[in-house]
A.B. asks: 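Sharing a structure with you now.
Chain identifiers are assigned alphabetically (A, B, ...) following the order of the sequence lines, protein sequences preceding nucleic acid strands; residue numbering begins at 1 within each chain.
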Amino acid sequence: SLTDTAKKAVKFGFGRTATPKEIASWDIDVRPDGKGLPAGKGDVKTGRIIYTTKCAVCHGANGTETPGVKLPGAALVGDTLAKARPKTIGNYWPYATTLFDYIRRSMPYNLPGSLTDNEVYGLTAYLLNANKIIKADVVLDAQNLPQIVMPARKLFIMDDRKGAPEIK
Amino acid sequence: SLTDTAKKAVKFGFGRTATPKEIASWDIDVRPDGKGLPAGKGDVKTGRIIYTTKCAVCHGANGTETPGVKLPGAALVGDTLAKARPKTIGNYWPYATTLFDYIRRSMPYNLPGSLTDNEVYGLTAYLLNANKIIKADVVLDAQNLPQIVMPARKLFIMDDRKGAPEIK
Amino acid sequence: AAVLPVNALFAGDLEKNERLLHDLDDPTKSPGPGPSPLGKRSGFEKPVRKPSDISSRTPLQDLHSTITPADLHFERHHAGIPTIDPSKHELLIHGLVNRPMKFSLADLKRFPAITRTCFIECAGNFRTGKEEMTPQDVLGLTSQSEWTGVMLSTLFNEVGIDAKAQWFLAEGSDAAVMTRTIPLSKAWDDAMIVYAQNGEAIRPEQGYPIRLLLPGFEGNMNIKWLRRIELSEAPYMTREETSKYTYPVKDKIRMFSFEMDARSIITFPSYPQKVSKGYVEIRGIAWSGRGKVEKVEVSTDNGKTWQLANLQEPVLSKAHTYFRYLWNWNGNETEILSRVTDETGYLQPTLQQLVEARGPNIGGYHMNPITAWKVKADGSVWFKPEKYTDK
Amino acid sequence: AAVLPVNALFAGDLEKNERLLHDLDDPTKSPGPGPSPLGKRSGFEKPVRKPSDISSRTPLQDLHSTITPADLHFERHHAGIPTIDPSKHELLIHGLVNRPMKFSLADLKRFPAITRTCFIECAGNFRTGKEEMTPQDVLGLTSQSEWTGVMLSTLFNEVGIDAKAQWFLAEGSDAAVMTRTIPLSKAWDDAMIVYAQNGEAIRPEQGYPIRLLLPGFEGNMNIKWLRRIELSEAPYMTREETSKYTYPVKDKIRMFSFEMDARSIITFPSYPQKVSKGYVEIRGIAWSGRGKVEKVEVSTDNGKTWQLANLQEPVLSKAHTYFRYLWNWNGNETEILSRVTDETGYLQPTLQQLVEARGPNIGGYHMNPITAWKVKADGSVWFKPEKYTDK
Ligand code: HEC
Ligand code: HEC
Ligand SMILES: [Ca+2]
Ligand SMILES: [Ca+2]
Ligand SMILES: [Ca+2]
Ligand SMILES: [Ca+2]
Ligand SMILES: [Ca+2]
Ligand SMILES: [Ca+2]
Ligand SMILES: [Co+2]
Ligand SMILES: [Co+2]
């Protein structure tokens with residue numbers, strides 16, 4: 001049923017070569033090894049200011065859960081202690097690069113893609129510091145961001161189920 | 001794939017017995033052998049009057065095709081001659097009972113089911129006479145209607161194809 | 001406790017103000033509307049049936065697989081679409097039965113159910129006449145659904161059928177009070193009373209709340225808005241099976257032709273589409289009222305040679321079957337055609353073969369000729385109308 | 001020549017005046033409206049999804065077969081539904097490839113196509129907590145469609161894949177610019193780029209104009225509004241595959257659980273339906289992300305004994321499969337349950353087995369426990385919520 005009329009040897013010639021410029025404008029991903037991180041930098045202090053202006057309305061003044069308030073955005077700061085609730089960056093995110101990647105592509109929720117790379121570095125620094133992962137004087141950039149070892153990293157495993165009858 | 005969970009032996013007990021009255025109120029069909037024809041009667045003359053009042057607006061003053069006019073209803077009267085066009089009652093209907101059955105259940109198009117049985121006998125008589133199948137003085141009823149032999153009767157055959165590769 | 005609005009719900013409000021700041025053409029720059037009770041088509045897509053006063057046709061050329069979306073299912077009505085309150089609708093089964101019975105819709109749903117995917121096709125499905133015809137124009141009176149309901153045999157077992165019964169009359173509750181006579185053997189074979197189409201309640205145009213389903217038989221026999229079945233020794237010779245749905249075969253008129261003969265049509269490329277030199281995947285549908293599609297052959301050289309097309313699995317009995325054939329077009333003008341062979345060994349005929357078999361007065365019913373599309377050197381595609389002597 | 005209006009077209013006008021003379025309740029007494037470009041549901045039928053701010057759920061209890069009508073397909077969005085002009089949409093494939101390429105929607109439709117019927121299910125599909133829950137509440141984040149498009153392997157063959165590539169990133173063009181990393185083996189196996197759903201263009205909520213289809217894999221990975229694929233040696237560890245769609249298993253957190261585990265649910269009888277003593281056909285759906293449903297067993301005695309259910313044919317791989325079991329209810333209070341075994345031999349577990357296997361902090365993803373409905377002596381049916389230690 002998944003046999004289509006294509007013979008593997010055939011090249012159809014549909015589509016066209018993508019230009020380097022086209023690729024660059026969409027290629028926004030960041031990998032754990034740092035591949036994809038842009039030039040630029042940001043520190044905790046500037047990050048905090050941007051956070052207050054652009055993020056606090058949805059994630060709370062300090063990014064922590066506020067009792068009695070249901071925020072539109074998830075808590076971002078918690079006890080950096082495995083298995084603590086709520087699951088946040090400090091206790092549940094295995095890679096710091098993911099934070100940069102995610103903020104750059106989809107936050108702030110109402111204006112995704114509007115942050116400069118420096119702003120994203122700053123916000124990442126601020127949130128990592130708030131989660132007690134980096135010191136307050138760290139200036140994040142493409143070199144040191146991938147070096148950060150997240151507390152939750154050691155907990156994560158690739159799927160260890162073998163399939164078949166096993167309940168796991 | 002058409003095996004459902006019903007075992008032939010089972011009676012489910014869903015539904016209920018239909019009463020004779022319920023059956024009678026819906027059982028309007030008429031068979032070629034006359035089964036289903038109601039009491040009552042009608043002649044050509046009365047039929048013509050009803051036709052003019054209730055049918056002519058859609059089927060034309062005489063039930064024939066009118067050159068240059070597209071009527072909402074089909075022509076009902078034509079050359080009673082096999083293979084003549086248009087196909088009408090005279091040259092294409094194999095059973096007279098069908099005419100009674102069809103008029104009673106679905107005509108006039110705008111008020112189906114509104115005719116009395118006598119009216120339907122009359123209209124049937126009128127249309128059979130207009131198609132030169134019965135004489136002008138015939139009074140139709142449950143006895144003589146099934147006796148009428150339609151000119152097209154001899155042309156009709158049950159499907160004579162045997163299936164399989166045959167193109168027929 | 002203060003509750004701020006979340007995610008997509010408030011995205012709608014934000015959007016109005018913020019979108020101005022952003023590139024309107026980049027959907028990644030502003031959140032879109034959130035979930036809803038019922039989805040809608042993209043505003044860029046407007047598939048439609050082609051309605052006349054008595055029917056509407058499925059846009060076959062717009063469909064990429066074989067279940068017809070319910071709102072695009074072809075229609076053929078004889079007195080319009082009745083409005084039926086399902087809580088009041090009942091099915092009467094009487095005549096040559098041990099116990100005449102009435103079943104409510106709720107009763108019918110309690111019986112063991114079955115789902116069958118099959119086509120329903122009008123016996124008059126086939127138009128020709130000019131080059132500017134789409135598959136919808138040529139063959140749009142066929143559609144396919146997942147039908148669910150109860151086997152008619154289950155209900156017949158419940159009422160008990162008299163040994164003298166050979167036929168049954170099925171009657172609709174539309175204003176035509178449409179009737180057809182069906183051989184009893186079909187009830188023991190695969191006839192169903194169906195209440196669901198593509199999972200949900202049957203659509204009004206398709207017989208809501210119940211219709212008769214006779215897989216492979218003429219569309220007209222699949223009585224919609226069904227309210228009554230009467231068991232009988234003999235056929236009723238209703239208007240629809242004598243004055244209509246019959247056709248001249250040489251010096252006779254053939255009636256009670258139930259099965260829809262095997263046929264196929266290429267839906268891509270077709271008028272008014274255009275193709276380019278190089279690989280063109282020819283696509284279409286094939287089906288037979290007598291069982292499964294055995295094979296579909298495609299010709300790209302005016303019918304001189306024929307190549308096997310791929311059949312989309314699963315191939316179901318009495319069901320539209322999607323076929324595809326990869327053609328490497330050299331850019332020269334040609335004609336492309338398809339022909340199906342069904343599991344009974346029946347090969348779709350040419351128009352010429354049909355005319356030879358049935359004579360010059362051949363009618364518009366049960367016409368299933370091979371049809372061709374002309375591909376011009378500029379890539380334009382045109383229907384090839386072939387004359388036949390009906391008039 | 002004078003032309004009078006015909007049939008259903010003029011029936012509409014006539015109706016207004018004449019209907020008054022007739023019994024309004026008898027649909028055989030006045031013609032109804034005629035054919036239309038697009039059908040609508042009967043006014044008596046109102047199936048709906050249940051929307052929250054981020055998702056909406058398919059009304060499983062209302063469906064009689066396994067293709068979900070497109071407007072009832074469940075939704076899960078992370079930044080709402082983007083509006084995409086199909087004539088401008090392009091798919092970029094780059095990274096570890098011989099030739100980075102862009103494909104327009106028209107390009108994609110020219111490649112050999114294939115249709116696959118399979119389910120898409122959210123990895124977080126399972127809710128419990130109270131007796132007043134319908135199948136839609138419990139498991140409504142799964143739906144099934146006929147998907148048509150091009151095999152991803154065909155496109156990968158066109159760009160040429162570097163031998164070092166092991167994974168690919170798929171990225172959407174919604175405002176979340178949603179990303180997931182997928183093992184390359186899935187592309188060689190059965191991944192597709194699909195542009196059609198149930199025959200017509202994919203609906204906006206499902207990824208119009210194109211989405212990634214990974215049969216059997218977590219819904220979230222089937223990236224909607226797809227615009228980019230990047231081939232890579234290593235996974236990207238995106239937010240959706242680390243912070244989300246991962247779950248505690250004892251002292252570890254499991255990520256990259258692709259296949260949706262086999263599960264089943266009885267959709268009839270279920271809350272808030274009522275049944276009567278006597279024959280009750282138990283109906284439901286079963287499916288597995290690892291292949292075909294091998295068998296479904298039903299228990300009507302609180303799980304003490306299990307009986308084989310009928311499977312609706314054709315049984316397709318990675319597809320919702322309808323099952324039915326005829327129960328003769330004696331009127332006593334009981335619990336009814338279903339459990340599926342898939343073709344790999346995997347038997348749907350109990351909640352207790354899942355908790356034992358994964359520990360007390362078990363999360364909400366990949367939860368596929370056997371669920372039960374309680375049937376009271378009065379015929380009322382209630383969901384049986386079972387506690388588990390997440391919170
Ligand atoms: C208008 C509301 C809003 C604003 C403003 C906003 N966010 Fe968010 N944020 C959300 C929502 C809603 C989510 C959850 C989205 C989802 O799950 O798909 C989220 C998710 C996140 C997450 C992921 C949390 C997790 O545990 O997975 C991060 C990190 C984040 N936002 C950072 C930011 C930053 C940094 C800013 C400011 C630049 C920001 N947000 C501004 C609403 C907002
Ligand atoms: C408002 C228009 C209208 C009126 C009034 C009307 N008809 Fe008709 N009639 C039609 C239409 C339209 C058809 C075709 C219906 C179809 O094919 O389903 C038809 C079909 C017929 C046919 C079948 C013709 C054939 O060859 O199959 C007969 C017989 C007939 N009408 C008789 C009558 C009689 C008798 C009356 C008066 C009592 C009547 N009609 C009044 C519109 C009308
Ligand atoms: Ca990249
Ligand atoms: Ca963006
Ligand atoms: Ca009768
Ligand atoms: Ca009537
Ligand atoms: Ca928007
Ligand atoms: Ca009406
Ligand atoms: Co028809
Ligand atoms: Co999900």
A.B. asks: Decide whether a cation-pi geometry holds between C:Arg283 and C:Phe268; the criteria are a distance under 6.0 Å from NZ or CZ to the six-membered ring centre and an angle within 45° of the ring axis.
C.D. replies: yes

A.B. asks: Is the terminal nitrogen or CZ of C:Lys109 (NZ for Lys, CZ for Arg) located under 6.0 angstrom from the six-membered ring centre of C:Tyr195 and within 45° of that ring's axis?
C.D. replies: yes

A.B. asks: Would you say D:Thr115 and D:Thr148 are linked by a side-chain donor-acceptor pair, where the criterion is simply a distance under 3.5 Å?
C.D. replies: yes

A.B. asks: Between CG of D:Asn328 and NZ of D:Lys277, what distance do you get to the nearest 0.5 Å?
C.D. replies: 9.5 Å

A.B. asks: Measure the CD-CG distance between D:Glu90 and D:Leu108 for me, rounded to the nearest 0.5 Å.
C.D. replies: 10.0 Å

A.B. asks: I'd like to verify something: which residue of D:Pro69, D:Ser56, D:Ser42, D:Gly149 has the highest number of heavy-atom pairs under 4.5 Å with chain C?
C.D. replies: D:Ser42

A.B. asks: Can you tell me which portion of C:Arg110 sits under 4.5 Å from chain D's heavy atoms? Options are side chain, backbone, both or neither.
C.D. replies: both

A.B. asks: Do you know which of C:Ser173, C:Gly172, C:Gly199, C:Pro51 has the most heavy-atom pairs with chain D at a distance under 4.5 angstrom?
C.D. replies: C:Gly199

A.B. asks: Of all of D:Lys88, D:Gln197, D:Arg57, D:Arg203, which one pairs up most often with chain C through heavy atoms under 4.5 Å apart?
C.D. replies: D:Arg203

A.B. asks: Between C:Tyr208 and chain D, which part of the residue has a heavy atom less than 4.5 Å away: side chain, backbone, both or neither?
C.D. replies: side chain

A.B. asks: Please identify, among D:Lys50, D:Gln206, D:His64, the residue contributing the most non-hydrogen atom pairs under 4.5 Å to chain C.
C.D. replies: D:His64

A.B. asks: State plainly whether the residues D:Glu45 and D:Lys40 are in salt-bridge range, i.e. N to O under 4.0 Å.
C.D. replies: no

A.B. asks: With chain C, which of D:Gly43, D:Pro47, D:Ala196, D:Ser55 has the greatest number of heavy-atom pairs at distances under 4.5 Å?
C.D. replies: D:Ser55

A.B. asks: I'd like to verify something: which residue of D:Ala70, D:Pro112, D:Ala201, D:Gly278 has the highest number of heavy-atom pairs under 4.5 Å with chain C?
C.D. replies: D:Pro112

A.B. asks: Which of the residues C:Ala113, C:Pro59, C:Ser87 is involved in the greatest number of heavy-atom pairs with chain D at under 4.5 angstrom?
C.D. replies: C:Ala113

A.B. asks: Calculate, to the nearest 0.5 Å, the distance between atoms CG and NZ belonging to C:Leu213 and C:Lys318 respectively.
C.D. replies: 10.0 Å

A.B. asks: Between C:His73, C:Glu75, C:Arg41, who has the most heavy-atom pairs with chain D when the cutoff is under 4.5 Å?
C.D. replies: C:Arg41

A.B. asks: Taking every heavy-atom pair that is under 4.5 Å apart, which of C:Ala176, C:Ser36, C:Pro86, C:Pro204 has the most such pairs with chain D?
C.D. replies: C:Ser36

A.B. asks: I'd like to know which of D:Thr66, D:Leu316, D:Leu326, D:Leu72 tops the heavy-atom pair count under 4.5 Å against chain C.
C.D. replies: D:Thr66

A.B. asks: Using non-hydrogen atoms only, which part of C:Asp85 is less than 4.5 Å away from chain D: side chain, backbone, both, or neither?
C.D. replies: both

A.B. asks: Nearest 0.5 Å, please: how far is CG in D:Asn198 from CD1 in C:Ile67?
C.D. replies: 7.5 Å

A.B. asks: Looking at D:Asp190 and D:Arg116, is there a salt bridge between them, counting it only when a charged N and a carboxylate O are closer than 4.0 Å?
C.D. replies: yes

